[in-house]
Every structure is written in structure tokens, then in C-alpha cells.
2 protein chains.
Amino acid sequence: MNETTRIIGIDPGLRRTGWGVIDVLGNSVRFVASGLVTSDAKDDLAARLCQLHDGLDTVVHAYAPHEAAIEQTFVNKDAGATLKLGQARGIALLVPARRGLVIAEYAPNAVKKAVVGAGHAEKIQIRMMVKVLMPKATFDSDDAADALAIALTHAHHRGSATARIARAMAASG
Amino acid sequence: MNETTRIIGIDPGLRRTGWGVIDVLGNSVRFVASGLVTSDAKDDLAARLCQLHDGLDTVVHAYAPHEAAIEQTFVNKDAGATLKLGQARGIALLVPARRGLVIAEYAPNAVKKAVVGAGHAEKIQIRMMVKVLMPKATFDSDDAADALAIALTHAHHRGSATARIARAMAASG
């Protein structure tokens, strides 16, 4: 019953994809690691997507999380930026899915609400609350902090999600 | 000097990704195969991206093309559709890139101009011209026909592209 669940949170981006790994045991959360996978803006798009894929796959392989969580992309008015983000996000979804992980998606407001308690929080508040919730957490970028916040959001929500999946499996099995 | 170059053209989409493989020898082109990789709209996004990845990777592995060509995505005003297409396009670029293929990108108008001779051609004209250029070509969807048209476009343009790459390699080597 008291098994640790390891969660990876991913904040996708073509130039910088943040990631954060936490362990969850009951109501307690523990920081494991965080970092950034980058692509070289001088390379062509396909090469950059390969860099994101290989970097993220190395992280998922090394830390062997059980579940993944990713931010639902904010669709803005700049179609070119949306397309770029979409391409990076496709890779960020593919990597954990190919390793058999269930992937949860959370809207940016849900992440802010779960971590800070308000849907309109600033980046600095997210960084601070990640440190309050996990004092040992280290991160050297907003993207890594966001990724940890996404993982924390999933830790808060996964009880009900796990129950839903168990019910669905029982119903189909 | 007279080596056959095999080209795969890809027309990316989340629901349907068309592909077409042709052989090029000098100025002649030969149809090899075409088809469709689909994802199940009932599945979640990550699973669908896996389906596209595995389907396309099977095709690339089976036909072992030397070069790939993909349509430059038309960025429309529907941000949600752009994001979806972006995610599928990320996979369509990743698969050949991970297998070491050079990937060329062509704007839709360039494809129409190369195949039909006019930048404003209709789908039906593209299908007809693919048949004229390669009488033995078979395709059972517009997406597969478009993918063959993209491959043909690359066949038309690659002479100069290959020369550019050779120059770049000579300069860096």
C-alpha cells in the first residue's frame, strides 16, 4: 500500500524543455532532480527535435518515473510560436508514452492553483512555493521550476486519477 | 555516378499522415509505394503520437529512403488546429531525423508549382499530375497523393540542394 510513486513533470519548449522529478509517498513529496533539455537554435528543426528527444529520453531512462505530467499548452495568437511549441510538445508527449508511462495534462491555471493557491500566480511565486513544498529542491531555471510545479500538481490530483484508471481497468478487464 | 536516390515524402497530420516513396535516377522518377499512417481519435494524444511514430518508423525502416521531404505547415488562424498539427509534425520530422535522413521542407505553393506548374492548384490536379509523372503510382487518399507530390518536389529541387550540402561539407571538412 505504501509504495513510492515517482513523477516527472515536463514543461515543453523548442529551445528549452524543463523537467522535474519528485517522489510521492502518501501525502509527502520529495525532490529527486530537475533540469533542462535544450536544443541549438543554429541547427535545423529536425535536428533540434532529435536533441530534445534524446535529452528527455536519457532523463526518463535515468530516473525511471512511474507517471508523467505535462502542462497543457497555452494557445496564443502567434500561430508561428504555437506551431513551434506544438512540435516540441509532440516530442515531450512521445518520449514518456513510448516508455509506457501514463501522462496527465494540466492547464497552466490548474498548476498555479495547486502550487500557489491562486490561478494568476507569477513565476516568482511558483519558484518560492516549490521551495516551500520541497525545501531541498534545486532548480536553475524557471522552466525546471515550472516542471517541478507540474509534477507537484499531478501529485495533488493523482489520487482521484489513479482511482479512475483502476476503475476503468476493472471495467475493461 | 548513376545511383538511385530513394525519397520519402510526408504529409503530416494527427489523424492521418500520408507518405509516399519514390526512386530518382537522373531525370527519371519511379513510384515505389505510398500509404497512410493513422491514429485513433478515441485514444489520448500521447497514445496517438506513439501510433504515428511507430507507423511512420515502420515505413521508413521498411523502405529505407535516403532523403526525406515534408510540407511546410500552413499556419492558419485556428490556434487549436495549428497546435495539433504541430504535434503531429514534430513526430513526422523526428522519425526520419533519428534514422539519419536529411529532411527538406517545402511550402505548399512550392509543391503545387513543382508538380502542377501553378501555385494555386486543387487537390484533384495534384492527384492527376502525380499519375502523369508516375503512371504506375497508386494511392488511396489525398494525403498519400500529397506525400508523393512532396517527394516529387524534392526530386526536382534536390540537385541544387545536394550541391549545396556537398559544398558545405567540403567547406567544413
Side-chain angles (χ1 to χ4, degrees), chain A residues 8 10 12-14 17 39 42-57 60 67-107 161 164-165 168 172, chain B residues 8 10 12-14 17 39 42-57 60 67-107 161 164-165 168 172:
Chain A
I8 185 167
I10 303 172
L14 181 57
T17 287
S39 78
K42 291 194 297 293
D43 288 336
D44 66 24
L45 179 59
R48 296 180 72 181
L49 295 175
C50 277
Q51 291 160 17
L52 292 184
H53 175 279
D54 294 353
L56 199 53
D57 196 54
V60 172
E67 298 175 11
I70 188 168
E71 195 160 89
Q72 265 170 9
T73 301
F74 176 69
V75 173
N76 62 27
K77 282 170 186 164
D78 178 348
T82 302
L83 184 69
K84 266 190 193 175
L85 181 56
Q87 289 165 160
R89 194 169 192 273
I91 307 305
L93 284 159
L94 179 76
V95 169
R98 289 198 75 217
R99 290 207 176 259
L101 278 67
V102 171
I103 304 167
E105 297 186 60
Y106 297 98
R164 273 202 307 280
I165 291 163
S172 71
Chain B
I8 183 167
I10 302 173
L14 181 57
T17 287
S39 78
K42 291 193 299 294
D43 289 335
D44 65 25
L45 178 59
R48 297 180 70 181
L49 295 175
C50 277
Q51 290 159 20
L52 292 182
H53 175 279
D54 294 352
L56 199 53
D57 195 54
V60 172
E67 298 176 11
I70 188 168
E71 194 160 271
Q72 265 170 7
T73 301
F74 175 69
V75 173
N76 63 25
K77 281 172 187 164
D78 179 347
T82 302
L83 184 68
K84 266 190 192 173
L85 181 56
Q87 289 164 159
R89 193 168 192 274
I91 307 305
L93 285 159
L94 179 75
V95 168
R98 289 198 74 217
R99 289 206 176 261
L101 278 68
V102 171
I103 303 167
E105 299 187 58
Y106 297 98
R164 273 201 307 278
I165 291 163
S172 71

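Here is how names work: the chains are called A, B, and so on, in the same order as the sequence lines, proteins then strands, and each is numbered from 1.
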Contacting region of B:Leu45 [heavy-atom separation from chain A under 4.5 Å]: side chain
Spacing of CG belonging to B:Leu93 relative to NE2 belonging to A:His53, to within rounding of 0.5 Å: 13.5 Å
A:Asp54 side chain near B:Arg98 side chain, heavy-atom distance below 4.5 Å: yes
Member of B:Leu85, B:Leu83, B:Asp78 meeting the side-chain contact (heavy atoms from CB on, under 4.5 Å) criterion with A:Thr82: B:Leu83
Side-chain heavy-atom pair B:Glu105, A:Asp44 within 4.5 angstrom cut-off: no
Closest contact, heavy atoms only, A:Ala46 versus B:Ile103: CB-CD1, 3.5 Å
Nearest-0.5 Å distance that lies between atom CG in B:Leu94 and atom CG in A:Leu94: 6.5 Å
